[in-house]
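Being a predicted model, the structure only gives us computed values, none of them experimental. In each ligand, atom 1 is the first atom listed, and ligand 1 is the first ligand listed.
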Amino acid sequence: MSFEGSCHCGAVRFTVDAPVPQSAISCNCSHCRRKGFLLTFVPANLFRLVTGEDDLRSYRFNTHRIEHRFCTTCGTQAFACGTGPDGSETRAINLRCVPEVDLDSLHLQPFDGASA
Ligand SMILES: [Zn+2]
């Protein structure tokens, strides 16, 4: 089972070897609210960037622990790279960039990142 995602212009494409998520984290922090993310987190080894490495730039803020990667052509941020609480490499997937996901049927899990 896998699903695919991309930025808007299509320069950046990726696949994730996992079932299409049924739920998403909706975070209210200053960054997530501005970009409108609906996120799911997966182990880095399940994520594969198919195209777009040269089209990506990174944005970091606060503790700089998360590398927010966006397409320099269309500005879309489809994923981010980081490490989980146990130190393992993770990828945060913006489910708005996964066409297979039915956004209206996603079970939203609020996360109070603004207070974290
Ligand atoms: Zn793009």
Point to revise | Summary of side chain to side chain donor-acceptor pair (under 3.5 Å) pairs that have at least one residue in residues 1-24, sequence neighbours excluded | key: none

Check your understanding: Do L108 and L38 come within less than 4.5 Å of each other through their side chains, counting heavy atoms only?
Key -> yes

Check your understanding: Angle class for the H68/F61 ring planes (parallel below 30°, perpendicular above 60°, tilted otherwise)?
Key -> parallel

**Study point:** Side-chain (S115) to main-chain (D112) donor-acceptor, under 3.5 angstrom
**Key:** no

Practice item. Could you name each residue pair satisfying side chain to side chain donor-acceptor pair (under 3.5 Å) that touches residues 80-94, not counting sequence neighbours? Key: D86-S88, E89-R91

Revision key, fill the gap. Contacts of F37 meeting ring-ring contact (aromatic ring centres under 6.0 Å, His included) (sequence neighbours excluded), chain-then-number -> H31

Review point. Ignoring water, what protein N, O or S atoms are under 2.8 Å from the Zn ion (ligand 1)?
Key: C7 SG, C9 SG, C71 SG, C74 SG

